[in-house]
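Since the structure comes first, as C-alpha coordinates, the remarks are kept for the end.
Counting starts at 1 for both ligands and their atoms, in listed order. All values derive from a computational prediction rather than experimental measurement.
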Amino acid sequence: MRMYDIIKKKRDGGELTTDEIKFFINGVTDGSIPDYQTSALCMAIYFKGMTVRETCDLTFAVRDSGDRLDFSEIDGIRVDKHSTGGVGDKTSLVVAPVVASFGVKVAKMSGRGLGHTGGTVDKLEAITGFRTTLSDADFIKQVNEIGFAIVGQSRQFAPADKKLYALRDVTATVDSMPLIAASIMGKKLAADDDCIVLDVKTGSGSFMKSVEDSKALARLMVDIGKNAGKKTVALITNMDRPLGYAIGNALEVIEAVQTLNGNGPEDFTEVCMTLAGYMLSLAGKGTVKECIKLAEGAIADGSALEKFKQTVKAQGGDVRLIEDVNNFTEPKYSHAVKSTQSGYICAVDTEAYGLASLALGAGRNTIEDKIDYGAGIILKRKTGDSVKAGEEIATLYANDKSKFAAAEKLLLSATRIQKDKPQDEPLVYCIVPDDDSDIDTDRHSV
Ligand code: URA
(Lines give C-alpha, C1' and ligand atoms only; values in the text may rest on other atoms or scores of the structure.)
Protein backbone atom coordinates (compact mmCIF):
# COMPACT_ATOMS: atom_id res chain seq x y z
CA MET A 1 0.00 0.00 0.00
CA ARG A 2 1.27 3.52 -0.80
CA MET A 3 0.31 6.71 1.03
CA TYR A 4 0.39 8.53 -2.33
CA ASP A 5 -2.51 6.39 -3.63
CA ILE A 6 -4.55 6.93 -0.46
CA ILE A 7 -4.15 10.72 -0.69
CA LYS A 8 -5.08 10.67 -4.39
CA LYS A 9 -8.16 8.51 -3.77
CA LYS A 10 -9.50 10.88 -1.11
CA ARG A 11 -8.53 13.96 -3.11
CA ASP A 12 -10.73 12.63 -5.94
CA GLY A 13 -13.65 12.00 -3.58
CA GLY A 14 -13.21 8.23 -3.13
CA GLU A 15 -14.16 6.21 -0.04
CA LEU A 16 -11.16 4.78 1.83
CA THR A 17 -11.22 1.14 2.91
CA THR A 18 -10.76 0.02 6.52
CA ASP A 19 -7.28 -1.28 5.63
CA GLU A 20 -6.25 2.01 4.02
CA ILE A 21 -7.35 3.94 7.13
CA LYS A 22 -5.49 1.50 9.43
CA PHE A 23 -2.37 1.80 7.22
CA PHE A 24 -2.55 5.61 7.53
CA ILE A 25 -2.99 5.67 11.34
CA ASN A 26 -0.34 2.97 11.91
CA GLY A 27 2.09 5.01 9.82
CA VAL A 28 1.26 8.22 11.74
CA THR A 29 1.80 6.39 15.04
CA ASP A 30 5.13 4.74 14.16
CA GLY A 31 6.41 7.80 12.29
CA SER A 32 6.82 6.03 8.93
CA ILE A 33 4.48 8.48 7.14
CA PRO A 34 6.06 11.92 6.78
CA ASP A 35 4.20 14.97 8.11
CA TYR A 36 3.65 16.40 4.61
CA GLN A 37 1.70 13.32 3.50
CA THR A 38 -0.32 13.23 6.74
CA SER A 39 -1.15 16.92 6.28
CA ALA A 40 -2.10 16.36 2.64
CA LEU A 41 -4.54 13.62 3.60
CA CYS A 42 -6.04 15.79 6.38
CA MET A 43 -6.61 18.53 3.81
CA ALA A 44 -8.21 16.05 1.38
CA ILE A 45 -10.50 14.85 4.20
CA TYR A 46 -11.28 18.49 5.06
CA PHE A 47 -12.52 19.13 1.51
CA LYS A 48 -14.05 15.75 0.58
CA GLY A 49 -15.34 14.59 3.97
CA MET A 50 -15.78 11.00 5.10
CA THR A 51 -18.70 8.61 5.31
CA VAL A 52 -19.89 7.47 8.75
CA ARG A 53 -18.19 4.12 8.08
CA GLU A 54 -14.87 5.79 7.24
CA THR A 55 -15.14 8.07 10.30
CA CYS A 56 -15.82 5.07 12.56
CA ASP A 57 -12.79 3.26 11.11
CA LEU A 58 -10.64 6.36 11.64
CA THR A 59 -11.90 6.69 15.25
CA PHE A 60 -11.25 3.04 16.09
CA ALA A 61 -7.78 3.20 14.53
CA VAL A 62 -7.00 6.32 16.63
CA ARG A 63 -8.37 4.56 19.76
CA ASP A 64 -6.23 1.47 19.06
CA SER A 65 -3.04 3.47 18.41
CA GLY A 66 -2.10 3.39 22.12
CA ASP A 67 -3.06 2.11 25.57
CA ARG A 68 -6.65 1.26 26.47
CA LEU A 69 -8.04 1.23 29.99
CA ASP A 70 -9.70 -1.86 31.38
CA PHE A 71 -12.46 -0.94 33.85
CA SER A 72 -13.79 -4.48 34.29
CA GLU A 73 -12.77 -4.38 37.97
CA ILE A 74 -15.03 -1.40 38.61
CA ASP A 75 -18.33 -2.50 40.17
CA GLY A 76 -21.43 -0.95 38.64
CA ILE A 77 -22.29 1.16 35.64
CA ARG A 78 -19.61 3.56 34.39
CA VAL A 79 -20.82 6.82 32.87
CA ASP A 80 -18.74 9.61 31.40
CA LYS A 81 -19.45 13.08 30.06
CA HIS A 82 -17.34 14.88 27.50
CA SER A 83 -17.51 18.49 26.43
CA THR A 84 -16.23 19.59 23.03
CA GLY A 85 -14.63 22.58 24.79
CA GLY A 86 -15.81 25.97 25.92
CA VAL A 87 -15.16 29.03 28.07
CA GLY A 88 -16.06 28.94 31.78
CA ASP A 89 -17.02 25.28 31.34
CA LYS A 90 -16.44 23.76 34.76
CA THR A 91 -19.38 21.33 34.48
CA SER A 92 -17.33 18.17 35.20
CA LEU A 93 -16.54 19.46 38.70
CA VAL A 94 -20.26 19.53 39.53
CA VAL A 95 -21.76 16.83 37.34
CA ALA A 96 -19.37 14.01 38.28
CA PRO A 97 -19.91 14.22 42.08
CA VAL A 98 -23.67 14.62 41.58
CA VAL A 99 -23.82 11.43 39.51
CA ALA A 100 -21.40 9.54 41.78
CA SER A 101 -23.57 10.37 44.81
CA PHE A 102 -26.17 7.94 43.36
CA GLY A 103 -23.71 5.03 43.16
CA VAL A 104 -23.09 5.48 39.42
CA LYS A 105 -19.35 5.26 38.73
CA VAL A 106 -17.45 8.14 37.13
CA ALA A 107 -13.91 7.13 36.14
CA LYS A 108 -12.93 10.35 34.45
CA MET A 109 -10.00 11.21 32.23
CA SER A 110 -9.86 14.90 31.42
CA GLY A 111 -7.75 17.19 29.30
CA ARG A 112 -5.82 20.40 29.73
CA GLY A 113 -6.72 23.72 28.15
CA LEU A 114 -6.72 23.79 24.35
CA GLY A 115 -6.55 27.09 22.46
CA HIS A 116 -9.07 29.51 23.99
CA THR A 117 -10.83 26.72 25.93
CA GLY A 118 -10.05 25.74 29.52
CA GLY A 119 -9.25 22.21 30.70
CA THR A 120 -10.58 20.39 33.77
CA VAL A 121 -7.12 19.08 34.75
CA ASP A 122 -5.72 22.63 34.93
CA LYS A 123 -8.69 23.68 37.07
CA LEU A 124 -8.20 20.82 39.53
CA GLU A 125 -4.51 21.65 39.85
CA ALA A 126 -5.61 25.03 41.26
CA ILE A 127 -6.51 23.02 44.39
CA THR A 128 -3.25 22.81 46.35
CA GLY A 129 -1.91 19.24 46.45
CA PHE A 130 -4.49 17.74 44.05
CA ARG A 131 -2.85 14.84 42.15
CA THR A 132 -4.08 14.44 38.57
CA THR A 133 -1.95 11.33 38.01
CA LEU A 134 -2.85 8.04 39.71
CA SER A 135 -1.70 4.49 39.07
CA ASP A 136 -4.32 2.31 37.36
CA ALA A 137 -4.77 0.32 40.58
CA ASP A 138 -5.29 3.46 42.74
CA PHE A 139 -7.63 4.96 40.14
CA ILE A 140 -9.85 1.87 40.06
CA LYS A 141 -9.73 1.49 43.87
CA GLN A 142 -10.86 5.10 44.32
CA VAL A 143 -13.71 4.71 41.81
CA ASN A 144 -14.89 1.57 43.63
CA GLU A 145 -14.64 3.19 47.08
CA ILE A 146 -15.82 6.75 46.42
CA GLY A 147 -17.51 6.45 43.05
CA PHE A 148 -15.49 9.20 41.37
CA ALA A 149 -11.86 9.69 40.40
CA ILE A 150 -10.42 12.09 37.86
CA VAL A 151 -7.02 12.07 36.17
CA GLY A 152 -5.27 13.67 33.20
CA GLN A 153 -4.45 11.83 30.00
CA SER A 154 -0.86 11.19 31.00
CA ARG A 155 -0.55 7.70 29.54
CA GLN A 156 -0.06 6.77 25.93
CA PHE A 157 -3.68 7.35 24.99
CA ALA A 158 -4.41 7.70 21.30
CA PRO A 159 -0.88 8.86 20.38
CA ALA A 160 -1.99 9.10 16.73
CA ASP A 161 -4.36 11.89 17.78
CA LYS A 162 -1.56 13.83 19.45
CA LYS A 163 0.41 13.87 16.18
CA LEU A 164 -2.62 14.52 13.98
CA TYR A 165 -3.84 17.33 16.22
CA ALA A 166 -0.48 19.09 16.19
CA LEU A 167 -0.40 18.96 12.37
CA ARG A 168 -4.06 20.01 11.99
CA ASP A 169 -3.37 22.96 14.26
CA VAL A 170 -0.78 24.36 11.83
CA THR A 171 -2.39 23.33 8.52
CA ALA A 172 -5.87 24.89 8.97
CA THR A 173 -7.58 21.49 9.19
CA VAL A 174 -8.87 21.54 12.79
CA ASP A 175 -12.48 22.35 11.94
CA SER A 176 -13.23 19.26 9.88
CA MET A 177 -16.14 17.26 11.25
CA PRO A 178 -14.77 13.71 10.71
CA LEU A 179 -11.36 14.77 12.06
CA ILE A 180 -12.88 16.37 15.20
CA ALA A 181 -15.20 13.40 15.78
CA ALA A 182 -12.37 10.86 15.40
CA SER A 183 -10.10 12.92 17.66
CA ILE A 184 -12.62 13.28 20.50
CA MET A 185 -14.18 9.81 20.28
CA GLY A 186 -10.84 8.05 19.65
CA LYS A 187 -9.64 9.31 23.04
CA LYS A 188 -13.02 8.78 24.77
CA LEU A 189 -13.28 5.17 23.59
CA ALA A 190 -9.78 4.35 24.88
CA ALA A 191 -11.45 4.47 28.30
CA ASP A 192 -13.87 1.71 29.19
CA ASP A 193 -17.23 3.34 29.98
CA ASP A 194 -20.72 1.92 29.46
CA CYS A 195 -22.45 5.22 28.71
CA ILE A 196 -21.30 8.56 27.34
CA VAL A 197 -23.06 11.93 27.46
CA LEU A 198 -21.56 14.36 24.97
CA ASP A 199 -21.88 18.08 25.59
CA VAL A 200 -21.47 19.55 22.11
CA LYS A 201 -20.96 23.28 22.50
CA THR A 202 -22.27 25.64 19.86
CA GLY A 203 -21.62 29.33 19.26
CA SER A 204 -18.86 31.90 19.35
CA GLY A 205 -16.86 30.16 22.10
CA SER A 206 -16.91 26.70 20.56
CA PHE A 207 -15.19 24.93 17.67
CA MET A 208 -18.61 24.64 15.95
CA LYS A 209 -20.11 28.08 15.46
CA SER A 210 -23.59 27.14 14.17
CA VAL A 211 -26.30 24.95 15.70
CA GLU A 212 -26.67 23.03 12.41
CA ASP A 213 -22.95 22.13 12.32
CA SER A 214 -23.02 21.21 16.01
CA LYS A 215 -25.99 18.89 15.41
CA ALA A 216 -24.19 17.20 12.52
CA LEU A 217 -21.06 16.71 14.67
CA ALA A 218 -23.21 15.40 17.53
CA ARG A 219 -25.00 12.93 15.23
CA LEU A 220 -21.65 11.65 13.94
CA MET A 221 -20.20 11.18 17.44
CA VAL A 222 -23.38 9.49 18.71
CA ASP A 223 -23.22 7.07 15.73
CA ILE A 224 -19.56 6.33 16.51
CA GLY A 225 -20.41 5.66 20.18
CA LYS A 226 -23.25 3.35 19.15
CA ASN A 227 -20.98 1.47 16.72
CA ALA A 228 -18.52 0.99 19.58
CA GLY A 229 -21.29 -0.55 21.69
CA LYS A 230 -21.69 2.39 24.10
CA LYS A 231 -24.98 4.03 25.09
CA THR A 232 -24.39 7.55 23.80
CA VAL A 233 -26.41 10.74 23.77
CA ALA A 234 -25.39 14.30 22.86
CA LEU A 235 -26.70 17.63 24.13
CA ILE A 236 -26.21 20.75 22.05
CA THR A 237 -25.54 23.56 24.54
CA ASN A 238 -25.05 27.28 24.21
CA MET A 239 -21.49 28.65 24.04
CA ASP A 240 -22.43 32.05 22.64
CA ARG A 241 -21.64 33.30 26.15
CA PRO A 242 -19.34 31.93 28.86
CA LEU A 243 -20.95 29.47 31.25
CA GLY A 244 -21.44 31.08 34.68
CA TYR A 245 -19.53 34.19 35.68
CA ALA A 246 -16.04 32.80 36.37
CA ILE A 247 -13.31 32.17 33.77
CA GLY A 248 -9.91 30.95 35.00
CA ASN A 249 -8.79 27.98 37.05
CA ALA A 250 -9.17 28.80 40.79
CA LEU A 251 -12.08 31.16 40.03
CA GLU A 252 -13.91 28.32 38.26
CA VAL A 253 -13.28 25.86 41.09
CA ILE A 254 -14.76 28.42 43.49
CA GLU A 255 -17.84 28.82 41.27
CA ALA A 256 -18.22 25.04 41.03
CA VAL A 257 -18.06 24.73 44.83
CA GLN A 258 -20.64 27.51 45.20
CA THR A 259 -22.85 25.56 42.78
CA LEU A 260 -22.39 22.35 44.79
CA ASN A 261 -23.49 24.44 47.80
CA GLY A 262 -26.66 25.43 45.94
CA ASN A 263 -25.52 29.00 45.25
CA GLY A 264 -24.36 28.66 41.64
CA PRO A 265 -25.26 30.88 38.69
CA GLU A 266 -28.58 29.95 37.08
CA ASP A 267 -27.25 29.15 33.60
CA PHE A 268 -24.38 27.00 34.86
CA THR A 269 -26.61 25.15 37.35
CA GLU A 270 -29.20 24.41 34.66
CA VAL A 271 -26.65 22.97 32.23
CA CYS A 272 -25.10 20.85 35.03
CA MET A 273 -28.46 19.49 36.19
CA THR A 274 -29.45 18.62 32.62
CA LEU A 275 -26.16 16.82 31.91
CA ALA A 276 -26.33 14.96 35.24
CA GLY A 277 -29.97 14.06 34.52
CA TYR A 278 -29.03 12.45 31.20
CA MET A 279 -26.05 10.63 32.75
CA LEU A 280 -28.22 9.19 35.53
CA SER A 281 -30.97 8.27 33.08
CA LEU A 282 -28.54 6.42 30.78
CA ALA A 283 -27.34 4.57 33.90
CA GLY A 284 -30.89 3.37 34.48
CA LYS A 285 -31.90 5.63 37.39
CA GLY A 286 -35.19 6.76 35.84
CA THR A 287 -36.58 9.07 33.18
CA VAL A 288 -34.59 12.20 32.38
CA LYS A 289 -37.16 14.29 34.21
CA GLU A 290 -36.92 12.12 37.32
CA CYS A 291 -33.13 12.12 37.12
CA ILE A 292 -32.90 15.91 36.87
CA LYS A 293 -34.95 16.02 40.09
CA LEU A 294 -32.55 13.51 41.66
CA ALA A 295 -29.59 15.68 40.63
CA GLU A 296 -31.19 18.76 42.15
CA GLY A 297 -31.78 16.77 45.34
CA ALA A 298 -28.07 15.85 45.56
CA ILE A 299 -27.23 19.56 45.56
CA ALA A 300 -29.98 20.45 48.05
CA ASP A 301 -29.03 17.76 50.61
CA GLY A 302 -25.26 18.32 50.30
CA SER A 303 -24.45 14.78 49.12
CA ALA A 304 -22.79 15.96 45.88
CA LEU A 305 -20.60 18.44 47.79
CA GLU A 306 -19.64 15.68 50.22
CA LYS A 307 -18.68 13.43 47.27
CA PHE A 308 -16.51 16.19 45.80
CA LYS A 309 -14.75 16.67 49.17
CA GLN A 310 -14.07 12.93 49.41
CA THR A 311 -12.53 12.96 45.93
CA VAL A 312 -10.37 16.01 46.66
CA LYS A 313 -9.14 14.41 49.90
CA ALA A 314 -8.44 11.04 48.24
CA GLN A 315 -6.36 12.73 45.52
CA GLY A 316 -4.27 14.73 48.01
CA GLY A 317 -6.02 18.08 47.61
CA ASP A 318 -6.44 20.59 50.43
CA VAL A 319 -10.09 20.08 51.50
CA ARG A 320 -10.03 23.34 53.52
CA LEU A 321 -10.29 25.16 50.16
CA ILE A 322 -13.52 23.35 49.39
CA GLU A 323 -14.90 23.76 52.91
CA ASP A 324 -14.38 27.49 52.70
CA VAL A 325 -13.49 29.00 49.32
CA ASN A 326 -12.14 32.10 51.11
CA ASN A 327 -9.10 29.92 51.85
CA PHE A 328 -8.01 30.20 48.18
CA THR A 329 -5.11 32.65 47.92
CA GLU A 330 -6.33 35.82 46.26
CA PRO A 331 -4.33 36.95 43.24
CA LYS A 332 -2.12 39.99 43.96
CA TYR A 333 -3.88 42.35 41.56
CA SER A 334 -7.35 43.06 40.25
CA HIS A 335 -8.58 45.51 37.66
CA ALA A 336 -12.11 46.71 36.85
CA VAL A 337 -13.13 46.78 33.18
CA LYS A 338 -15.70 49.53 32.65
CA SER A 339 -18.20 49.89 29.86
CA THR A 340 -17.64 52.80 27.47
CA GLN A 341 -21.32 52.78 26.38
CA SER A 342 -24.80 52.53 27.86
CA GLY A 343 -27.36 49.97 26.71
CA TYR A 344 -27.75 46.18 26.74
CA ILE A 345 -25.01 43.65 26.13
CA CYS A 346 -26.42 42.06 22.99
CA ALA A 347 -23.62 39.64 22.09
CA VAL A 348 -20.12 38.69 23.11
CA ASP A 349 -17.33 36.93 21.25
CA THR A 350 -16.87 34.14 23.76
CA GLU A 351 -13.67 32.91 22.11
CA ALA A 352 -12.12 36.35 22.71
CA TYR A 353 -13.21 36.17 26.39
CA GLY A 354 -11.32 32.86 26.60
CA LEU A 355 -8.29 34.47 24.95
CA ALA A 356 -8.48 37.38 27.43
CA SER A 357 -8.29 34.89 30.31
CA LEU A 358 -5.33 33.24 28.55
CA ALA A 359 -3.67 36.66 28.23
CA LEU A 360 -3.99 37.09 32.02
CA GLY A 361 -1.98 33.89 32.52
CA ALA A 362 -4.82 31.39 33.09
CA GLY A 363 -3.74 29.24 30.10
CA ARG A 364 -0.72 28.38 28.02
CA ASN A 365 0.51 29.85 24.75
CA THR A 366 3.27 27.27 24.53
CA ILE A 367 3.52 23.86 26.15
CA GLU A 368 6.22 25.15 28.56
CA ASP A 369 4.17 28.11 29.86
CA LYS A 370 3.43 28.06 33.60
CA ILE A 371 -0.19 28.72 34.53
CA ASP A 372 -1.15 31.46 36.98
CA TYR A 373 -3.91 29.50 38.76
CA GLY A 374 -5.40 32.61 40.38
CA ALA A 375 -5.64 34.53 37.09
CA GLY A 376 -8.91 35.02 35.27
CA ILE A 377 -12.09 37.00 34.91
CA ILE A 378 -15.24 37.47 36.98
CA LEU A 379 -18.00 38.80 34.74
CA LYS A 380 -20.25 41.43 36.27
CA ARG A 381 -22.56 41.68 33.26
CA LYS A 382 -23.53 39.06 30.70
CA THR A 383 -25.49 38.99 27.44
CA GLY A 384 -28.98 40.44 28.02
CA ASP A 385 -27.91 42.61 31.01
CA SER A 386 -28.17 46.40 30.93
CA VAL A 387 -25.13 48.53 31.63
CA LYS A 388 -24.36 52.24 31.94
CA ALA A 389 -21.20 53.89 30.62
CA GLY A 390 -18.59 53.76 33.39
CA GLU A 391 -20.12 50.71 35.11
CA GLU A 392 -18.02 47.61 35.61
CA ILE A 393 -18.61 44.75 33.17
CA ALA A 394 -15.85 42.48 34.49
CA THR A 395 -13.06 42.24 37.07
CA LEU A 396 -9.72 40.91 35.88
CA TYR A 397 -7.38 39.03 38.24
CA ALA A 398 -3.67 38.26 37.81
CA ASN A 399 -0.41 38.04 39.71
CA ASP A 400 1.27 40.12 37.01
CA LYS A 401 -0.46 43.46 36.48
CA SER A 402 1.29 44.12 33.15
CA LYS A 403 -1.18 41.58 31.69
CA PHE A 404 -4.29 43.69 32.31
CA ALA A 405 -4.00 46.05 29.31
CA ALA A 406 -4.13 43.35 26.60
CA ALA A 407 -6.91 41.42 28.34
CA GLU A 408 -9.01 44.57 28.85
CA LYS A 409 -8.67 45.50 25.17
CA LEU A 410 -9.75 42.02 24.09
CA LEU A 411 -12.72 42.01 26.45
CA LEU A 412 -14.01 45.44 25.45
CA SER A 413 -13.76 44.77 21.73
CA ALA A 414 -15.48 41.40 22.24
CA THR A 415 -18.53 42.95 23.98
CA ARG A 416 -21.29 44.40 21.78
CA ILE A 417 -23.66 46.89 23.37
CA GLN A 418 -26.89 48.15 21.78
CA LYS A 419 -29.99 50.11 22.75
CA ASP A 420 -32.52 47.27 22.77
CA LYS A 421 -32.60 44.21 24.99
CA PRO A 422 -31.66 41.12 22.92
CA GLN A 423 -33.89 38.04 22.73
CA ASP A 424 -33.13 35.21 25.15
CA GLU A 425 -31.35 32.20 23.65
CA PRO A 426 -31.82 28.63 24.90
CA LEU A 427 -29.10 27.14 27.11
CA VAL A 428 -29.77 23.64 25.80
CA TYR A 429 -30.78 23.67 22.13
CA CYS A 430 -31.62 20.02 21.66
CA ILE A 431 -30.72 16.41 22.35
CA VAL A 432 -29.31 14.02 19.78
CA PRO A 433 -30.07 10.47 20.99
CA ASP A 434 -28.91 7.28 19.32
CA ASP A 435 -31.56 5.69 17.07
CA ASP A 436 -32.17 2.71 19.34
CA SER A 437 -32.23 4.74 22.52
CA ASP A 438 -35.38 4.78 24.63
CA ILE A 439 -34.22 7.93 26.41
CA ASP A 440 -36.97 10.53 26.71
CA THR A 441 -36.11 13.79 25.01
CA ASP A 442 -39.37 15.55 25.78
CA ARG A 443 -37.65 18.45 27.53
CA HIS A 444 -35.44 19.21 24.57
CA SER A 445 -36.76 17.75 21.32
CA VAL A 446 -34.46 17.65 18.29
N1 URA B 1 -11.09 18.51 20.96
C2 URA B 1 -10.34 17.43 20.57
O3 URA B 1 -9.90 16.64 21.40
N4 URA B 1 -10.10 17.28 19.25
C5 URA B 1 -10.55 18.12 18.31
O6 URA B 1 -10.30 17.90 17.13
C7 URA B 1 -11.32 19.24 18.71
C8 URA B 1 -11.58 19.39 20.06
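- Of the N or O atoms in D161, none lie within a sub-3.5 Å distance of an N or O in ligand 1.
- Judged purely by atom type and a 3.5 angstrom limit, N249 uses its side chain to pair as donor or acceptor with the backbone of A362.
- The protein atom (non-hydrogen) at minimum distance from atom 3 (O) of ligand 1 is K187 NZ, 2.6 Å.
- Given atom 1 (N) of ligand 1, the protein heavy atom at minimum distance is I184 CG1, 3.7 Å.
- Those atoms of ligand 1 that come under 4.0 Å of a heavy atom in S183, given as number and element, are 2 (C), 3 (O), 4 (N), 5 (C), 6 (O).
- In this structure, R219 places its CZ atom where more than 12 heavy-atom neighbours from other residues, nucleotides or ligands lie under 6.0 Å away.
- For atom 8 (C) of ligand 1, the nearest protein heavy atom (residue, atom name, distance) is F207 CE1, 3.8 Å.
- For the pair K382 and Y245, the cation sits on the ring face: its NZ or CZ lies under 6.0 Å from the ring centre, inside 45° of the axis.
- Side chain of N144 to main chain of E73: a donor-acceptor pair is present (N/O by atom type, distance under 3.5 Å, no hydrogens or angles).
- Under a cut-off of 6.0 angstrom, the local environment of OH in Y46 is sparse, with at most 12 non-hydrogen atoms contributed by other residues, nucleotides or ligands.
- Between R168, M177, K201, M208, it is R168 that holds the heavy atom closest to atom 6 (O) of ligand 1.
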